[in-house]
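For reference, positions follow the sequence shown, starting with 1.
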Amino acid sequence: MLMRYWFPIAIAGLFILSLPAVVLFAAELAGYGGEANARLESLVGLSHHTALPSWAAILLFLVPIGLLLLYFLKLKRKPHVVPSTFLWKKSIEDLHVNRLLQWLRKNILLLLQLLVLLAAIYAVLAPRMHGTEASGRHYILLIDNSASMSATDIEPTRLEWAKKEALKEIDAATDADFGMVIVFNSSAEIRQSYTSNRALLRRAVEGIGPTNHPTQVDEAFNLAASLANPMFSTEDAAVRPENPEPGKERTYAAAEGIQAEVHLYSDGRFADVPNFALANLQLTFHSPGSDSVGHADNVGIVRFDAVRDEEDPTRVQAFVRVLNFRNVPAKIGVDLDVISGGKAVQDVRHRELPLAARVYQAPIENDPSPTNVGKDSPGESVAKFDLTGIEENSDITIHVRLTGLADAFAADDQAWIVLGIVRKARILIVTSANPLLEYFFEARSTRLVADVDFIKPVQLKDSKSYIDPAREGKYDLVVFDRCTPERFDDMPRSNTMFVGRPPPHPDGTENGYKVESVQFPPIRGWQDADPVMRGLRGWHELEIAEALRFNNLPPKTPRLVEGDRDMLLLFTLSRQAYKDLVLAFPLATDDAKWNTRWFLKPLFPLFLRNVLYSLGNVRDATTEDTVRPGQPKPLRPFGDVKVIRVRSPSGTDSKLERGSRSMFAFGATGELGVYQASWEDQKRKFAVNLFDANESNIEPRPSVKIGEVEVQAGPARKQPRELWRWVVLAALVFLLLEWWIYNRRVQV
């Protein structure tokens with residue numbers, strides 16, 4: 001019986017064998033290939049990935065159907081003159097053999113051809129048997145998707161180049177190797193943890209998209225080192241009993257970590273990481289490279305400010321700072337629009353702006369002197385616009401864009417400023433007596449934009465004067481002059497400034513920051529990225545008699561003003577949605593002697609003004625804080641508002657709930673442009689701009705310094721070539737040729 005039906009049984013068997021391939025390929029097309037792989041690996045230790053493009057794989061899956069159709073088709077025959085009886089006999093045979101919808105004849109050749117095609121299909125699916133985790137190497141792919149990686153000097157973008165190079169590394173791995181994918185910009189994220197499933201790794205890499213965020217690599221290296229360089233601790237040894245009870249002995253294993261290869265795909269537009277040890281990490285830096293040193297194909301806006309005229313508030317001056325990173329001079333156009341209600345309300349203002357060439361001078365080789373740092377100065381110019389008829393408290397957006405010069409980086413070719421509604425700040429000063437602070441915060445110009453209250457340090461324990469208002473978020477800014485709340489839980493729900501005293505430590509210890517006194521600390525450097533440092537110069541003239549050294553600050557603490565030996569004189573600490581500004585020296589001592597002559601410099605009132613406007617949440621036409629991509633935007637609406645909605649420049653709506661916080665913190669600021677927050681019958685706009693000269697300088701770095709190691713950019717990995725594809729293609733051609741010869745009865 002089986003011999004009689006062997007042919008349909010064989011056809012059915014081939015059909016059943018093809019079902020897993022069809023299901024897996026359908027899962028790939030539907031976007032569920034990763035889930036299918038995970039299921040296969042957990043059940044039988046197998047995984048797969050389609051080794052051909054989707055269109056080629058679809059054609060391969062259609063070949064068996066085409067082959068069956070060829071067997072159904074009528075055969076072509078040459079006419080011959082034969083006796084009439086023979087002719088009728090052959091005609092009847094043709095009628096049975098060549099009908100389109102007939103049953104297939106018992107054809108061993110068809111079975112063999114279908115079997116070969118099925119083998120080719122499974123070969124294209126590339127099934128793999130997975131071994132144990134300890135049998136292969138470990139590698140980590142760090143992929144930079146910050147703003148500068150969207151530059152188009154490498155087609156289509158640098159990010160696509162980085163993804164392509166990372167896929168080469170995945171393809172070169174064996175089934176015993178385990179890879180991890182980490183994407184980073186201003187923060188870092190593990191997109192795929194350690195796995196030997198190359199399909200999952202490929203999917204994680206292919207899913208990485210561009211961002212407008214600046215670049216920081218510290219967090220990415222910390223994630224990479226979390227398994228390779230575990231924190232060594234003596235805790236186990238400290239609790240090991242001397243005479244453990246028999247049968248309850250504990251095994252104490254040393255924290256050894258895992259050797260891992262780290263492949264960093266980036267243009268290197270980030271600061272060096274001096275306080276990181278690679279240890280078990282073997283770093284390879286992959287850079288897109290640069291055709292010429294000291295040249296980047298970009299001209300960008302790095303600053304956009306507006307100032308109202310003090311005598312005529314309806315007059316506004318706008319300043320646009322532009323940098324030229326090319327090594328040749330440039331002349332560009334700067335267009336400015338005044339927009340209200342989504343429409344231009346004034347004619348476009350145009351300026352022609354000449355820019356000098358970038359000046360680059362490399363450090364002298366073999367010269368270890370500290371002054372041998374070379375020179376790198378981009379061409380710089382400022383366009384000034386005088387605007388009239390800009391009423392206060394009007395909903396006005398100023399948009400500026402560069403014209404007339406195409407470059408490889410578009411994110412810095414335009415910028416926005418929102419001229420919003422004036423909002424007075426609510427300030428609390430906690431001090432025994434400090435004339436310097438009193439003169440500034442009681443001045444008429446300050447009272448116009450802020451309501452200021454003063455209390456004594458002894459009132460910090462009073463519920464009515466401090467504790468209840470602090471918990472309710474009554475104030476925008478609290479200044480602690482040579483005093484501090486007793487506990488971290490007593491910190492206000494607001495921004496703070498500590499003058500000459502450390503803030504309470506989150507762990508509750510009395511001296512959590514391990515503060516020590518330093519006499520006459522010199523000023524070594526400062527950063528102006530924070531709004532409280534905006535436009536301030538001359539910090540090197542600051543003279544201090546005594547300051548405090550903080551020895552165990554959190555990692556990545558923003559360093560605003562630095563002294564020698566890694567001493568911070570001005571820095572900020574993050575506390576939920578609030579910022580704590582710490583001035584590490586008092587303005588005056590407790591016995592009323594001056595600790596600094598800072599108040600004699602113009603820098604002092606300008607600094608306090610920045611603190612007032614930035615940390616005090618003052619909003620008017622000229623002081624809307626610049627928000628950079630990825631930076632949280634604090635929103636404090638009028639009244640007791642519980643819910644607000646924020647619309648992004650692309651039209652995406654987000655809903656924020658206040659909860660127990662005193663303000664809203666909007667973090668989805670990844671797009672460049674103007675956002676609109678709305679609640680009840682009110683609206684407020686704010687702008688997000690790149691404003692990062694380091695991102696605008698898109699010249700790839702040839703090397704990066706991680707810890708004490710200078711890592712040069714390595715050569716690109718060659719794409720591995722899988723020769724089996726050509727073997728499969730040759731087999732298919734051979735099958736088609738064999739079928740044609742057999743059915744045409746060609747004499748060879």
Side-chain angles (χ1 to χ4, degrees), residues 301-322 332-354 381-404 412-425 444-450 531 534-535 606 609-610 612-614 616-627 633 635-638 646-649 672-691:
I301 300 171
V302 296
R303 194 69 177 268
F304 185 24
D305 296 302
V307 178
R308 281 194 183 272
D309 191 291
E310 294 184 358
E311 297 181 357
D312 184 4
T314 64
R315 297 178 61 89
V316 175
Q317 286 186 329
F319 302 89
V320 185
R321 183 178 174 223
V322 183
I332 63 171
V334 183
D335 288 357
L336 183 142
D337 292 325
V338 179
I339 302 171
S340 179
K343 298 180 180 180
V345 295
Q346 294 187 10
D347 294 335
V348 176
R349 311 293 179 90
H350 179 80
R351 295 284 187 277
E352 290 292 332
L353 193 65
S381 189
V382 176
K384 177 183 174 183
F385 296 87
D386 293 310
L387 307 176
T388 58
I390 309 296
E391 298 293 336
E392 289 187 290
N393 293 344
S394 57
D395 180 16
I396 295 293
T397 299
I398 304 178
H399 177 216
V400 66
R401 62 185 184 276
L402 304 183
T403 62
D412 57 4
D413 290 344
Q414 55 183 336
W416 298 262
I417 283 182
V418 174
L419 309 185
I421 299 174
V422 175
R423 178 190 183 277
K424 296 183 72 173
R444 178 177 177 275
S445 59
T446 302
R447 291 291 185 174
L448 290 176
V449 296
R534 178 186 298 169
L606 294 176
R609 184 182 185 277
N610 283 356
L612 170 64
Y613 277 67
S614 175
N617 202 34
V618 175
R619 295 291 178 267
D620 66 15
T622 62
T623 57
E624 181 70 32
D625 285 347
T626 295
V627 179
K633 172 64 178 178
L635 298 168
R636 189 190 291 268
F638 300 108
V646 181
R647 171 163 293 185
S648 70
L672 300 176
V674 178
Y675 294 70
Q676 178 174 283
S678 59
W679 59 93
E680 298 177 352
D681 58 345
Q682 302 180 42
K683 295 180 180 179
R684 175 184 165 188
K685 294 179 180 179
F686 63 92
V688 175
N689 297 293
L690 182 61
F691 291 168

Report task. Look at the side chain of Gln346 and the backbone N and O of Thr388, then say whether any donor-acceptor pair between them is shorter than 3.5 Å. Result -> yes

Query - Worked check of side-chain contact (heavy atoms from CB on, under 4.5 Å) between Arg534 and Arg303 - result: CA-CA 11 Å; Arg534 178 186 298 169; Arg303 194 69 177 268; 2.6 Å; yes

Query raised in the report: If you draw a 6.0 Å radius around CG in Asp347, do more than 12 non-hydrogen atoms from other residues or ligands fall strictly inside?
Result: no

Query raised in the report: Of Trp416, Phe319, Phe691, which is the lone residue that meets side-chain contact (heavy atoms from CB on, under 4.5 Å) with Phe304?
Result: Phe691

Report summary line: What one should report as the nearest heavy-atom pair of Lys683 and Ser678 is CG-CB, 4.0 Å

Query raised in the report: Can you tell me if CZ on Arg401 sees more than 12 non-hydrogen neighbours from other groups inside 6.0 Å?
Result: yes

Query raised in the report: Can you tell me how far the CG atom of Leu402 sits from the CD atom of Gln414, to the nearest 0.5 Å?
Result: 9.0 Å

Query raised in the report: Minimum heavy-atom separation for Thr397 to Val418, with atom names?
Result: OG1-CG2, 4.2 Å

Query - Backbone of Ile396 reached by a side-chain donor or acceptor of Ser340 within 3.5 Å - result: no

Requested in this report: Please name the pair of heavy atoms, one in Asn689 and one in Ala415, separated by the smallest distance, quoted to 0.1 Å.
Outcome: OD1-CA, 3.2 Å

Requested in this report: Report the distance from atom CZ of Phe385 to atom CZ of Arg349, rounding to the nearest 0.5 Å.
Outcome: 9.0 Å

Query raised in the report: Could you walk me through whether Leu336 and Val338 pass the side-chain contact (heavy atoms from CB on, under 4.5 Å) check?
Result: CA-CA 7 Å; Leu336 183 142; Val338 179; 4.0 Å; yes

Query - Heavy-atom pair with the smallest gap, counting every atom of Arg351 and Asp386 - result: NH2-N, 4.5 Å

Requested in this report: First locate atom NZ of Lys685, then atom CG of Leu419, and finally report the distance between them rounded to the nearest 0.5 Å.
Outcome: 11.0 Å

Report summary line: Between Arg684 and Trp679, the two heavy atoms sitting closest are CB-CH2, 3.8 Å

Report task. Could you go through the side-chain contact (heavy atoms from CB on, under 4.5 Å) check for Thr314 and Ile390 one step at a time? Result -> CA-CA 5 Å; Thr314 64; Ile390 309 296; 5.6 Å; no

Requested in this report: Kindly indicate, with the supporting measurements, whether the criterion side-chain contact (heavy atoms from CB on, under 4.5 Å) is fulfilled by Leu387 and Ile398.
Outcome: CA-CA 10 Å; Leu387 307 176; Ile398 304 178; 3.7 Å; yes

Requested in this report: Find the distance between CG (Leu672) and CG (Asp413) and round it off to the nearest 0.5 Å.
Outcome: 11.0 Å

Query raised in the report: Val627 and Ala687: which non-hydrogen atoms are nearest, and at how many Å?
Result: CB-O, 3.6 Å

Query raised in the report: To the nearest 0.5 Å, what is the distance between CD (Gln317) and CG (Asp305)?
Result: 12.0 Å

